[in-house]
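These numbers come from a predicted model, not from an experiment. Letters go in sequence order (proteins before strands), and every chain restarts at 1. Side chains included, hydrogens not; waters and symmetry mates left out as well; all remaining heavy atoms used.
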Amino acid sequence: MNSGKVAQEQSNSWNKFVEFINKLGFNPLGLALLIIIAVLPTTTPYFQQEYIVRWMIMGAFLAAQSIAFDFTSGYINIVNFGFAALLGVGAYASGIFANTTPFIAVAPGLNPWITIWLGAIVAGLVGFALGILTLRLRGIFAAVMAWFLGIALMGLVNNWTALTRGPLGMNPRKFLETTNNLPYFYIIFTMMIGIYITLKLVTRSHYGLAFKAIGQNLDAARASGINPIRYLVFNFTLSAFFAGFLGGFYAHYFGSLTPSTLMHTSKTVEILAIAYIGGRGSLWGGIAVAFPFVFLIELLRTNFSDLPGLHLVIYGVLMIVIMIYYPGGLAGFYDWIKSKVQRK
Amino acid sequence: MAKNSSARPLMSRIKDNLPIVVISIFSLILFVAIYIEGGNAQIFNTIITGGMWALLAVGLALVFGVMNIPHFAHGESFMIGAYVAYFTFTPMQEYLYTNPNKFLSAIAPLGAILTAGVAGAILGIIIEQLIFAPLRRRTKKDWIMNAFLLTVGISFVLSNGANLVLGPNFRGISRYWDVKAVEIGGAYMSVDRLIAFAISMVTIGALWFFLRRTRVGRAIRAVSQDETGAQLVGINLNFIQTLTFSLATAMASISGASLLFLFQAYPTVGGTPLYYAWYVVMMAGLGNVVGAIIGGFIVALLQTATQLFVAVSWTTVLPTVVMILVLLIAPSGIFGSEVKGVQEQ
């Protein structure tokens with residue numbers, strides 16, 4: 001009797017816990033995996049090696065990018081082809097505000113912890129402008145417009161040498177004095193979780209429904225009383241804000257920025273591949289794909305160093321295969337398994 | 001529209017075609033400015049550049065018009081053409097060094113360019129059969145966007161694959177024809193450039209003839225107007241689509257091959273041509289083949305003007321700003337696009 005009551009109470013509190021994490025956009029399995037990822041670099045000797053921690057940082061960085069990317073492409077169905085450029089804008093803005101060695105007139109030398117937010121705001125403003133510009137355009141036109149804008153931004157950064165030093169690259173100072181990578185892992189991991197929860201909450205609200213309605217059929221959405229201007233611009237602004245935020249991390253972690261390594265279209269395609277293999281409109285799919293992928297890629301790179309770019313070919317082929325034969329991606333596969341289990 | 005427009009006053013006709021009028025005036029001003037600043041040389045330069053953008057853009061417009069595929073891997077077809085031409089031309093050149101032959105050295109470059117065109121056509125057939133045919137069979141939903149992302153994947157695979165197999169080295173030739181530059185109106189033009197321009201014009205002309213005057217060409221145009229209707233009158237849709245795609249790829253390869261002396265062959269060479277071809281097509285109107293030809297020259301004007309009056313490195317920035325303005329005024333391009341399904345997507 002008594003033990004049954006305890007068990008019931010326990011299952012009650014378990015249900016409450018599941019409900020709570022569900023509100024934040026997690027399920028028990030996903031949360032457990034995230035916790036494992038979080039503790040790996042401090043507990044397991046293999047993962048304590050510096051270069052492995054760097055891979056983990058890369059994984060979290062790509063995952064966070066794919067979340068912000070999927071927020072636009074998976075919901076309002078407009079592929080933001082200038083995503084990498086927006087990230088670069090955030091990185092450069094943050095780097096410039098934080099610069100203490102004034103090779104340029106504007107160098108307030110603020111703390112990187114503050115400038116990362118300023119960079120995000122600047123990128124958000126550019127995203128706002130992009131949202132306004134693409135308002136009248138649909139589907140492919142909007143994607144190409146974003147692509148053109150990205151190219152123009154990259155050209156601007158390349159040419160505005162007084163501010164960015166152009167192709168020579170600039171070296172923003174780092175967040176921390178330490179050469180240890182572990183603190184950076186926790187910074188980017190927290191950023192990733194924060195971005196995920198924020199965007200999940202937004203998409204759970206009536207905003208998410210409006211985004212999906214706009215993505216599926218703009219005219220029908222407008223007819224049912226959704227003001228597309230507001231939602232489209234909001235979506236672009238938020239996505240760009242987080243892209244710039246991540247760019248700030250890049251700037252103050254790697255401590256070196258060049259336009260071609262940061263803002264090139266191929267960088268957007270990498271994120272696109274991860275987000276699509278993870279599953280459109282899921283947000284979490286990118287996280288699930290990014291970590292294994294980074295390890296796979298780095299192992300390929302170290303073992304087949306005579307084959308440069310092999311990992312990119314694999315990216316592309318996987319993306320093509322998934323787009324033709326399994327458009328749901330990993331998230332679609334998970335849902336399929338879940339529905340099978342529930343039916344039993 | 002066109003028939004009764006002659007009855008209406010001039011002002012209202014101008015109002016109806018505002019984007020075209022604005023762009024024409026703008027182009028005219030640029031043309032005059034380039035002539036004053038750079039003289040004949042820059043004008044010829046513009047026309048030759050315009051010819052090559054037009055050839056690339058026509059392929060892009062054709063694929064979009066007939067198959068509704070926004071082709072992002074067009075630059076990679078350009079790259080493949082450049083590589084094929086390089087690998088066929090250099091052995092021939094070496095052979096001709098040891099045993100000189102005037103006739104052969106005049107013909108050899110054309111052979112290399114033609115080989116590149118054939119290779120491009122084969123590549124187009126492979127891509128179409130391997131990627132778009134399965135997608136067409138599976139679903140037509142969200143076709144434009146899916147096709148676009150697929151071509152993005154193709155371009156990624158092709159350019160990185162070239163990097164993997166051939167390495168990042170630049171492979172180029174200094175010139176195809178070992179002849180002195182020709183003087184036209186006080187400006188010296190290299191023979192290679194003139195022939196590249198001639199090739200692009202001949203190819204566009206041949207395509208024009210093919211689309212207008214032959215049975216298969218008419219079938220292609222029928223498919224671009226109405227797929228179901230075309231199928232009803234007995235047109236083999238699969239064949240037409242494969243043919244169109246391989247034609248477009250072949251045209252990009254030909255331009256890559258004929259411009260080898262200018263661009264060289266390396267894995268990411270397709271980026272610039274792709275950007276300009278897309279630029280032209282977006283400005284002229286997606287799927288509008290005639291618009292693409294005119295658009296090619298307008299874009300070349302913009303490009304030369306930026307190089308002449310600002311700096312070479314700004315050529316990606318300033319024309320893009322113009323592009324954004326054009327899209328804001330005329331979201332479906334200045335010449336409009338009558339392709340079905342574009343606006344619904």
Side-chain angles (χ1 to χ4, degrees), chain A residues 73 77-79 81 132-145 147-161 166-167 216-219 264-266 268-270 272-273 276 304 307-325 327, chain B residues 64 68 70 72 130-132 134-135 137-139 141-142 144-165 167-168 267-268 271 274-275 278-279 281-282 286 310-311 313-321 323-324 327-328 331-333 342-345:
Chain A
S73 71
N77 217 356
I78 290 176
V79 176
F81 240 62
I132 301 268
L133 286 176
T134 49
L135 267 184
R136 282 180 68 191
L137 309 171
R138 293 186 193 175
I140 185 69
F141 284 90
V144 175
M145 174 71 114
W147 180 45
F148 280 159
L149 196 80
I151 288 175
L153 284 174
M154 186 174 146
L156 192 70
V157 170
N158 250 329
N159 282 302
W160 202 344
T161 42
Q216 277 161 12
N217 190 331
L218 188 88
D219 294 317
H264 199 266
T265 316
S266 62
T268 309
V269 177
E270 271 186 62
L272 178 107
Y276 272 58
F304 299 94
L307 298 174
L310 179 65
H311 62 287
L312 296 174
V313 176
I314 291 176
Y315 258 171
V317 171
L318 251 180
M319 184 178 128
I320 290 174
V321 170
I322 285 203
M323 288 220 51
I324 300 177
Y325 296 103
Chain B
F64 194 84
N68 269 353
F72 203 77
L130 213 61
I131 288 166
F132 293 111
L135 181 65
R137 275 196 291 277
R138 193 178 60 75
T139 174
K141 196 172 156 273
D142 264 346
I144 293 188
M145 212 59 216
N146 284 335
F148 176 62
L149 295 173
L150 274 176
T151 58
V152 170
I154 295 166
S155 119
F156 207 58
V157 170
L158 284 179
S159 67
N160 286 305
N163 190 21
L164 192 67
V165 178
T268 51
L274 175 78
Y275 168 74
W278 262 102
Y279 192 115
V281 164
M282 286 295 278
L286 266 175
V310 192
S313 56
W314 284 92
T315 36
T316 56
V317 183
L318 290 184
T320 309
V321 174
M323 178 75 219
I324 289 170
L327 278 183
L328 283 182
S332 54
V342 178
Q343 289 305 318
E344 292 100 80
Q345 297 286 332

Exercise. How about A:I151 and B:Y275: do any of their side-chain heavy atoms sit closer than 4.5 Å?
Worked result: yes
Exercise. So, do A:Y276 and B:V152 sit near enough that their side-chain heavy atoms are less than 4.5 Å apart?
Worked result: no
Exercise. Is there side-chain contact between A:F148 and B:M282, with at least one heavy-atom pair below 4.5 Å?
Worked result: yes
For this session: Measure A:A143 against the heavy atoms of chain B and call it side chain, backbone, both or neither at under 4.5 Å.
Result: side chain
Problem set entry | Derivation and outcome, ring pair (Phe, Tyr, Trp, His ring centres under 6.0 Å), residues A:W147 and B:F72 | CA-CA 11 Å; A:W147 180 45; B:F72 203 77; 4.8 Å; yes
For this session: Find the one option among A:N77, A:L149, A:V144, A:L156 whose heavy-atom pairs under 4.5 Å with chain B are most numerous.
Result: A:V144
Exercise. Can you check ring pair (Phe, Tyr, Trp, His ring centres under 6.0 Å) on B:F148 and A:F81, steps first, answer last?
Worked result: CA-CA 11 Å; B:F148 176 62; A:F81 240 62; 5.3 Å; yes
Problem set entry | Part of A:I78 within contact of chain B (heavy atom distance under 4.5 Å) | neither
Seminar exercise, completed: When the 4.5 angstrom heavy-atom criterion is applied to B:I154 and chain A, the contacting part is both
Exercise. Based on non-hydrogen pairs under 4.5 Å, which of B:T268, B:L150, B:L158, B:N163 is most in contact with chain A?
Worked result: B:L150
For this session: Mind listing the closest non-hydrogen atom pair of A:M323 and B:N146 along with its distance?
Result: CE-OD1, 3.5 Å
Problem set entry | Closest-packed option against chain B by number of heavy-atom pairs under 4.5 Å, given A:L272, A:N158, A:L133 | A:L133
Exercise. Where does B:F132 contact chain A at under 4.5 Å (heavy atoms): side chain, backbone, both or neither?
Worked result: neither
